[in-house]
Amino acid sequence: MISKSELRPGDGVRYLFRGVMVGDGHRPASMALRDAQDEAGVPPGIWRGRGLAAVGLVAGDVVAERQAELLLGEGRHPDADRIESERLEAGDDPAKARRATVLGRPIEHNRSSKTEKAKERTPWLGMDLVFRPPPTAHIAWALMDDETRRVLELCQDIAVDKTLVWVGESVAQIRWGSGGKRREPIRDGGLIVAVFRHYESRAAESRPLLHDHAVVSIRARRPDEKGTWGNLSADSLLANIVAADTLYVLTFMEEVTARLGWAWEPREVTPGRRPVMEIAGIDRRLIGWQSTRRQQIEDALSVLTAEYEEKHGHAPGERAGYALGCQAADRTRPPKRTERRSLSELREGWRESAVRRFGADVIDQLAVRARAAAAAVWARVRPVVDVILAAVDVVAVVYVMRGAFKRHHLLAEARRHLAYVLRGRPHQPGLDEQIVEAAIDGYTRLASRHTMTADLSALYPRDTDDRAVLRPLTRKRSASPYERARLAAGALTARVHATRRSERLNSRARPHTVAVPDISRSRPCPSPTDRKAGRGREQGTDVAALEQTRATIEAAAAMAAKLQDGVRERAAARAAAPQPAPAAPPPPHPHQPSVQQTPGRTPTGGVA
């Protein structure tokens with residue numbers, strides 16, 4: 001999954017350099033970044049994104065401390081020191097030389113007294129996106145052999161890269177003008193991202209948690225000829241976090257299945273909530289061993305949920321539940337550990353802890369059981385995607401849970417549908433967008449200027465109210481919103497199957513039928529003038545049509561009589577013909593015993 005947090009001047013920048021860049025540890029102010037990373041046992045950060053060339057960086061290069069300070073901490077060019085010194089040597093004053101190194105608007109502008117509403121807002125310099133695979137992937141990465149560990153890390157790299165590319169090309173927008181009202185896609189999808197990899201969770205007892213912190217810089221280039229710099233739109237990124245999350249999980253699943261041959265299956269974490277996809281065959285008990293931090297959050301979340309229900313009189317929805325989860329995580333955040341261990345030492349400690357709790361047989365057979373479970377999944381699950389059924393399922397779930405929704409809500413649900421149906425098998429590029437377009441075109445209508453809602457007239461043409469159709473399906477108010485959404489999706493999917501079955505039956509050719517001329521079409525339709533004058537079609541009988549029908553019936557009766565006469569004549573001819581006498585059987589051979597013949601059978605047993 002993906003979680004997010006904004007990076008702002010002050011505490012946010014200090015947390016980035018003192019914690020995130022050194023594996024969520026504690027870095028003394030006097031210690032160099034690379035030394036702190038070596039002591040913490042985490043790899044150095046690397047640069048990613050298509051916007052690196054504009055600032056002279058290369059994808060895959062190590063993130064230097066001074067580069068991060070300038071770009072992520074001040075919004076300036078990562079090589080600002082050289083640019084500023086060259087400007088000073090050319091004769092520029094210090095303020096002008098510094099201004100030449102700023103990408104877009106300087107952060108000091110928001111602190112100026114001349115800026116509108118400057119005191120009400122704090123500028124943000126980036127967004128920290130945390131990419132975490134499913135828990136069973138952490139278990140396989142921590143407890144299996146080194147080759148499997150490297151493959152899973154490669155799958156993580158590919159999934160993160162593809163998600164960041166999609167965010168840069170399809171989501172990220174740059175804003176400028178009065179109040180940031182003008183918004184356009186950024187130039188060439190050019191995001192600048194610093195990625196830092198961590199190995200363990202923040203629980204009191206060390207547990208495996210492979211995850212990446214992708215710090216996205218707010219600075220991006222505008223799509224004009226000059227390629228001037230501006231700021232990303234924060235609300236565009238925040239609105240599409242869930243869609244990016246589902247794309248990341250779907251891509252990670254497909255990479256793991258393609259490289260290791262494993263399959264995925266849904267696991268219900270909280271009753272009545274959305275299930276999560278996990279690697280099939282991994283012992284579920286290991287999830288509890290790995291997710292000690294998760295258990296702490298769930299205990300705090302149950303208390304917060306009870307308080308919410310007592311205050312509001314109903315269970316929290318999807319958005320409120322997410323906010324309560326973040327609040328529970330903040331309440332249970334433990335202090336940072338001071339001891340440092342390398343990845344090999346961490347893996348050795350994790351294996352010893354798991355073996356002590358579950359036994360060596362369970363840990364040693366993880367890969368074997370994962371392959372056996374994958375074979376069982378592929379034997380019973382057919383990875384086929386029906387676009388229309390997927391569109392109906394997506395619309396039903398999103399409509400019941402949200403009522404009014406936007407396109408990115410459908411896109412996120414379409415990717416969840418692909419993850420559940422394919423179980424890790426690859427999907428055709430653009431299939432998620434195709435499902436969304438089918439849902440919008442066939443089963444939605446505009447609800448307001450910016451939102452849409454379900455339109456089920458294609459499935460229920462006689463009903464005009466979509467709520468009247470779905471209300472009986474979701475009447476079980478004691479169930480959670482997701483359970484009611486699944487009930488509605490199942491009913492609508494059954495409706496699609498019934499409609500298709502009816503269409504197939506109606507399209508078959510019907511034998512033994514006679515086309516009778518339509519009497520109502522044998523006369524010309526009255527003109528509009530005749531209708532206004534009251535001279536509509538008279539109720540009567542068309543003589544020519546009746547004569548034609550009578551002639552057809554008489555011809556058919558004559559043909560039937562002629563066929564019956566021919567049958568009688570052939571039967572009488574066969575009865576009058578003389579029957580040939582049966583031939584005498586040949587005498588038996590002196591050296592061959594005689595065979596008792598059965599009437600109607602030949603000596604060899606064949607039918608005479």
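It should be emphasised that the depicted structure is a prediction, and the values quoted were computed from it without experimental measurement. Start at 1 with the first residue, then count along the sequence.
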Colleague: What do the steps show when you test E437 against R407 for salt bridge (charged side-chain N to carboxylate O under 4.0 Å, His left out), and what is the final call?
Modeller: CA-CA 9 Å; E437 294 301 327; R407 190 181 188 280; 2.9 Å; yes

Colleague: Before accepting this row, confirm whether a basic side-chain N of the pair R66/E69 lies closer than 4.0 Å to the acidic partner's carboxylate O.
Modeller: yes

Colleague: Compare every heavy atom of V20 with every heavy atom of F196, then report the nearest pair and how far apart it is.
Modeller: CB-O, 4.0 Å

Colleague: Could you note down all residue pairs passing side-chain hydrogen bond (donor to acceptor under 3.5 Å, both in side chains) where residues 372-389 supplies at least one of them, sequence neighbours left out?
Modeller: D386-R500

Colleague: Between V242 and A412, which heavy-atom pair has the shortest distance, and what is it?
Modeller: CG1-CB, 3.9 Å

Colleague: Look at the aromatic rings of H198 and H211 and report parallel, tilted or perpendicular, splitting at 30° and 60°.
Modeller: perpendicular

Colleague: Can you tell whether the side chains of R486 and D393 come within less than 4.0 Å, N to carboxylate O?
Modeller: yes

Colleague: Do you know which two heavy atoms are closest between I2 and I241, and how far apart they sit?
Modeller: O-CG2, 4.3 Å

Colleague: Checking the side chain of T148 only, and the main-chain atoms of M144 only, is there a donor and an acceptor separated by less than 3.5 Å?
Modeller: no

Colleague: Would a 4.5 Å heavy-atom cut-off, applied to side chains only, mark I388 and Y443 as touching?
Modeller: yes

Colleague: Taking the side chain as C-beta and beyond, is there a heavy-atom pair between D128 and L7 under 4.5 Å?
Modeller: no

Colleague: Has S353 got a side-chain atom pairing as donor or acceptor with G349's backbone, closer than 3.5 angstrom?
Modeller: no

Colleague: CG/L343 to CG/D146 distance, rounded to the nearest 0.5 angstrom?
Modeller: 8.5 Å

Colleague: Salt bridge check: are D245 and K4 linked by an N-O gap of less than 4.0 Å?
Modeller: no

Colleague: Is R259 salt-bridged to E254, going by a charged N under 4.0 Å from an acidic O?
Modeller: no

Colleague: Under the side-chain contact (heavy atoms from CB on, under 4.5 Å) criterion, do V55 and W47 qualify, and how do the steps go?
Modeller: CA-CA 12 Å; V55 292; W47 291 108; over 6 Å; no

Colleague: Which distance, rounded to the nearest 0.5 Å, do you find between the CD1 of I287 and the CD1 of I282?
Modeller: 8.5 Å

Colleague: Taking S170 for its side chain and V167 for its backbone only, find out whether a donor-acceptor pair lies under 3.5 Å.
Modeller: no

Colleague: Step by step, work out the side chain to side chain donor-acceptor pair (under 3.5 Å) result for H408 and N240.
Modeller: CA-CA 6 Å; H408 58 81; N240 289 272; 4.8 Å; no

Colleague: With the side chain counted from C-beta on, respond yes when E200 and L209 share a heavy-atom pair under 4.5 Å apart, and no when they do not.
Modeller: no

Colleague: Within the supplied structure, the quantity of interest is the number of heavy atoms (other residues, nucleotides, ligands) at a distance under 6.0 Å from Q428 CD; does it exceed 12?
Modeller: no

Colleague: Is it true that D212 and R48 make a salt bridge, defined as a side-chain N closer than 4.0 Å to a carboxylate O?
Modeller: no

Colleague: If every non-hydrogen atom of A214 is compared with every non-hydrogen atom of V193, which pair is closest and at what distance?
Modeller: CB-CG1, 3.8 Å

Colleague: Would you check if the side chain of E345 reaches a backbone N or O of S342 as a donor-acceptor pair within less than 3.5 Å?
Modeller: yes

Colleague: Are the side chain of E483 and the backbone of S480 linked by a donor-acceptor contact shorter than 3.5 Å?
Modeller: yes

Colleague: Are E278 and R284 ion-paired here, with the side-chain N under 4.0 Å from a carboxylate O?
Modeller: no

Colleague: Donor-acceptor pair, R207 side chain versus W289 backbone, under 3.5 Å?
Modeller: yes

Colleague: Report the C-alpha distance between L191 and L232 in whole Å, list the side-chain angles of each, state the deciding distance to 0.1 Å, and finish with yes or no for side-chain contact (heavy atoms from CB on, under 4.5 Å).
Modeller: CA-CA 10 Å; L191 291 179; L232 295 175; 3.9 Å; yes

Colleague: Has R423 got its NZ or CZ under 6.0 Å from the middle of the six-membered ring of Y420, at an angle within 45 degrees of the ring axis?
Modeller: yes

Colleague: Rounded to the nearest 0.5 Å, how far apart are OG1 of T136 and CH2 of W141?
Modeller: 14.0 Å

Colleague: For residues I139 and P208, determine if any side-chain heavy atom of one lies less than 4.5 Å from a side-chain heavy atom of the other.
Modeller: no

Colleague: List the steps and the verdict of side-chain contact (heavy atoms from CB on, under 4.5 Å) for V385 and L431.
Modeller: CA-CA 9 Å; V385 177; L431 183 57; 4.0 Å; yes

Colleague: Over all heavy atoms of both residues, which pair between S236 and V171 is shortest? Give the atoms and the distance, please.
Modeller: O-CG1, 3.5 Å

Colleague: Indicate yes or no: at least one non-hydrogen side-chain atom of V215 is less than 4.5 angstrom from one of L16.
Modeller: yes

Colleague: Any ion pair linking D145 and R149 (charged N to carboxylate O, less than 4.0 Å)?
Modeller: no

Colleague: For the backbone of I192 and the side chain of R50, can you confirm whether one donor and one acceptor N or O come within less than 3.5 Å of each other?
Modeller: no

Colleague: Going through the distances and angles, do K162 and E255 end up as a salt bridge (charged side-chain N to carboxylate O under 4.0 Å, His left out)?
Modeller: CA-CA 11 Å; K162 288 186 177 181; E255 293 296 328; 3.6 Å; yes

Colleague: Does NZ or CZ of R415 come closer than 6.0 Å to the centre of the six-membered ring of W166, within 45° of the ring's axis?
Modeller: yes

Colleague: Look up atom CG in D157 and atom CD1 in I46, then write down how far apart they are to the nearest 0.5 Å.
Modeller: 6.5 Å

Colleague: Over all heavy atoms of both residues, which pair between A419 and M277 is shortest? Give the atoms and the distance, please.
Modeller: O-CE, 3.7 Å

Colleague: Could you give me the CA-CA distance, side-chain angles and deciding distance for V276 and M1, then say whether side-chain contact (heavy atoms from CB on, under 4.5 Å) is met?
Modeller: CA-CA 10 Å; V276 297; M1 60 172 294; over 6 Å; no

Colleague: Closer than 3.5 angstrom, by distance alone: can the side chain of R495 be matched with the main-chain N or O of L459 as a donor-acceptor pair?
Modeller: yes

Colleague: Any side-chain heavy-atom pair from Q67 and L72 closer than 4.5 angstrom?
Modeller: no

Colleague: Does some side-chain heavy atom of T305 sit less than 4.5 Å from a side-chain heavy atom of P316?
Modeller: yes

Colleague: Tell me if a side-chain donor or acceptor on H138 pairs with a main-chain N or O of P133 at a distance below 3.5 Å.
Modeller: yes

Colleague: Could you tell me whether the side chain of V397 reaches within less than 4.5 Å of the side chain of R274, counting heavy atoms only?
Modeller: yes

Colleague: Can a salt bridge be assigned to the pair E153 and R150 using a cut-off of 4.0 Å between side-chain N and carboxylate O?
Modeller: no

Colleague: Looking at OG1 of T444 and CG of L410, how far apart are the two atoms once the value is rounded to the nearest 0.5 Å?
Modeller: 7.0 Å

Colleague: Could you state the interatomic distance from CE (M401) to CD (E413), rounded to the nearest 0.5 Å?
Modeller: 8.0 Å

Colleague: Would you confirm whether Q37, through its side chain, and M21, through its main-chain N or O, come within 3.5 Å as a donor-acceptor pair?
Modeller: yes

